[in-house]
Amino acid sequence: MIDIDYIQEIWDTLHKRRVRTFFTTFGVAWGMTILVVLLGCGLGVERAMRSTWGETSTNAAYFYGRNASLPYKGLEKGRSVHLKTNDMTAIKSRFRDIEYISPSFWNDANIVIRGDKSKENVPINGLSTDFYQISPCLLLEGRTINEIDVAQNRKVCMIGEQIKNGLFGAEKAEGALIWIDGVAYTVIAVMEKSTDVNIFGDPEQMIFIPYTTFADIYNKGDIVDCIALSANKNANILDLETEIKDFLKERAIVSPDDKQGIISDTTKEYFDTVNNLFKGTRILIWVIGLGTLLAGMVCITNIMLISVRERTQEIGIRRALGATPFSVVRQILWESILMSLLAGVGGIVVGLGVSAVLEDIFTSIEGSDTVQLKGIYIPFKLAVIIFIILETGGLIAGLLPAYRAAQIKTIDALRDE
């Protein structure tokens, strides 16, 4: 059962020294506020960064043919190495962990015309339907390229929002005809980017067409500029990257030691780098916040030591009246814990309030290209963990003063002036 009289006694003891108690708890609450705000801001930046990733596959890899840097099996150094469309079928058959695979072609369209309006040097990509699973985009109008478009080499295109605005203005673009390097295409979609992680460029400024159509129009034959693929979530894309690169070298007759003939990169490397940055930031925030809290705990210890020294006679009288050392220790510890409790509640409440104000300030800032803080708050579970850490710290802070109080002898206490 809760001893109300006992709690009241502890409260009265702290209230008698209310100025000292206030400044001590204020110091601890300040440390708690700093920790909550820093964690909230750190998590806000992390949430904002993650929101820019959209649905981009975090387990994707991209392979490119370049120039061989070593002679191999009678083939000279410096020759061009090409990836081919049948390499995709071979990869899909050999590696069961591959979910999606797509060729990618690219070129700059010299001129794109619609009526009396035109745009020059527009990036144009040839893709398959799988590409949207690897690097998605959002549609403002229309539909994506489908299997029938690819199989029938249809002259259809998806255009970026900026291209649409330049050619169509406020008019609807879906279903209209545009001319790309003298060839007529039907617009089937208008795109906007869904992520800031775009391997081949910003889709708002690009044109996508079926890769089969691209190969015909630009005389690519069966040569592809890039093979993009993504693996299932249980696969290690870094291991697959190495195995697939070796497999492609074997098919293209490139030396296994050649570092330039076939190159690759993965999204996992980028995401891992950013995640490690997040981890480092969180560690730094915890070090700063816990350091501030530790300083507050030291203040509680010092104040409680002073309090024990001032109450030497009081403790001696209580001992003479039959109080056990345990009851003395318990009271000192509860006083320390209560100060930590007051500081913890106050610090968390103020910290959340400051975080809410900061979020309002940052969300009101418009027109900035920088990453904005998003959701400046700490999860409830994290707040509970911080609170437990603080109360544990309060208990530890009271151990030394409690030990000193327990060592006070009754006769010595009554002689103390």
Side-chain angles (χ1 to χ4, degrees), residues 56-107 123-136 144-153 198-201 208-232 235-269:
T56 301
S57 173
T58 59
N59 222 19
Y62 302 84
F63 299 87
Y64 314 85
R66 291 294 184 262
N67 294 325
S69 62
L70 297 173
Y72 187 63
K73 291 186 177 181
L75 299 176
E76 72 279 6
K77 171 184 176 181
R79 71 187 185 281
S80 295
V81 177
H82 299 293
L83 301 180
K84 299 183 178 181
T85 52
N86 58 12
D87 288 331
M88 295 188 301
T89 305
I91 290 172
K92 192 78 171 178
S93 299
R94 176 76 172 270
F95 301 94
R96 300 299 182 183
D97 288 327
I98 302 303
E99 277 191 316
Y100 302 102
I101 189 166
S102 171
S104 179
F105 300 86
W106 53 73
N107 200 355
I124 179 170
N125 276 27
L127 309 168
S128 77
T129 56
D130 273 8
F131 190 82
Y132 309 113
Q133 303 297 328
I134 302 169
S135 183
T144 59
I145 294 168
N146 60 34
E147 296 288 355
I148 297 177
D149 296 327
V150 173
Q152 297 182 0
N153 298 14
N198 295 294
I199 301 298
F200 301 118
F208 292 170
I209 65 175
Y211 79 91
T212 50
T213 306
F214 190 106
D216 283 348
I217 298 297
Y218 294 96
N219 298 316
K220 285 287 187 176
D222 63 346
I223 295 174
V224 301
D225 294 321
C226 170
I227 294 177
L229 57 83
S230 65
N232 63 56
N236 186 330
I237 193 63
L238 296 181
D239 291 340
L240 276 175
E241 177 193 19
T242 300
E243 294 174 12
I244 292 172
K245 190 188 294 186
D246 291 341
F247 179 66
L248 290 173
K249 285 181 180 180
E250 182 181 345
R251 288 178 60 84
I253 315 178
V254 175
S255 170
D257 299 323
D258 194 326
K259 304 298 183 183
Q260 299 298 322
I262 294 177
I263 63 173
S264 63
D265 55 59
T266 69
T267 53
K268 182 175 176 58
E269 293 171 326

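Residue numbers run from 1 in the order of the sequence given.
Side-chain contact between Asn107 and Phe214 is present, with heavy atoms from C-beta onward closer than 4.5 Å. Within the 4.5 Å cutoff, no side-chain heavy atoms of Tyr211 are placed close to those of Ile145. Looking only at side-chain heavy atoms (C-beta outward), Ile244 and Leu229 come within less than 4.5 Å of each other. Inter-residue side-chain proximity for Met88 and Pro103 is flagged as met; some heavy-atom pair is nearer than 4.5 Å. Side-chain contact between Ile101 and Ile227 is present, with heavy atoms from C-beta onward closer than 4.5 Å. Within the 4.5 Å cutoff, no side-chain heavy atoms of Pro210 are placed close to those of Asn153.
Asp222 and Thr85 share no side-chain donor-acceptor pair at under 3.5 Å. Glu241 and Ser264 are linked by a side-chain donor-acceptor pair at a separation below 3.5 angstrom, with hydrogens and angles left out of the test.
A donor-acceptor distance shorter than 3.5 angstrom exists from the side chain of Asp149 to the backbone of Asn146, with no hydrogens or angles considered. Between the side chain of Lys92 and the backbone N or O of Glu99 there is at least one donor-acceptor pair closer than 3.5 Å. Judged purely by atom type and a 3.5 angstrom limit, Ser80 has no side-chain atom pairing as donor or acceptor with the backbone of Asn67. Between the side chain of Ser128 and the main chain of Ser102, no donor-acceptor pair closer than 3.5 Å is present. Checked by atom type and distance alone, the side chain of Asp246 never pairs as donor or acceptor with a backbone atom of Glu243 at under 3.5 Å. Between the side chain of Asn59 and the backbone N or O of Ala235 there is at least one donor-acceptor pair closer than 3.5 Å. Within the 3.5 Å criterion, the main-chain N or O of Leu70 finds a donor-acceptor partner in the side chain of Asp258.
By the neighbour-count criterion of 12 heavy atoms within 6.0 Å, atom NZ of Lys84 is sparsely surrounded, having that number or fewer from other residues, nucleotides or ligands. Within 6.0 Å of atom CD1 in Ile253, 12 or fewer heavy atoms from other residues, nucleotides or ligands are found, so the atom counts as exposed in its surroundings.
Arg251 approaches Asn86 most closely through the heavy-atom pair NH2-OD1, 3.5 Å. Here the closest non-hydrogen pair linking Arg79 and Glu76 is NH1-O, 2.9 Å. Residues Ala231 and Leu240 come closest through the heavy atom pair CB-CD1, 3.6 Å. Taking both residues in full, the closest heavy atoms of Lys249 and Ser255 are given as CD-O, 3.7 Å, listed atom of the first, atom of the second, then distance. Closest heavy-atom contact between Gln260 and Arg66: O-CB, 3.1 Å.
In summary, the aromatic rings of Phe95 and Phe247 are positioned with their centroids under 6.0 Å apart.
Distance check, rounded to the nearest 0.5 Å: CG of Asp257 to OH of Tyr72 gives 9.0 Å. The OG atom of Ser135 lies 14.0 Å from the OH atom of Tyr100; values are rounded to the nearest 0.5 Å. Note that the CD1 atom of Ile124 and the CD1 atom of Ile217 stand 9.0 Å from one another [nearest 0.5 Å]. Distance check: Leu83 CG to Ser104 OG gives 11.5 Å after rounding to the nearest 0.5 Å.
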For a side-chain contact (heavy atoms from CB on, under 4.5 Å) check, start with the C-alpha distance between Val81 and Leu248, then their side-chain angles and the critical distance, and finish with the verdict. CA-CA 10 Å; Val81 177; Leu248 290 173; over 6 Å; no
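In this structure Asp225 satisfies the side-chain contact (heavy atoms from CB on, under 4.5 Å) test together with Phe105, Trp106, Lys220, sequence neighbours excluded.
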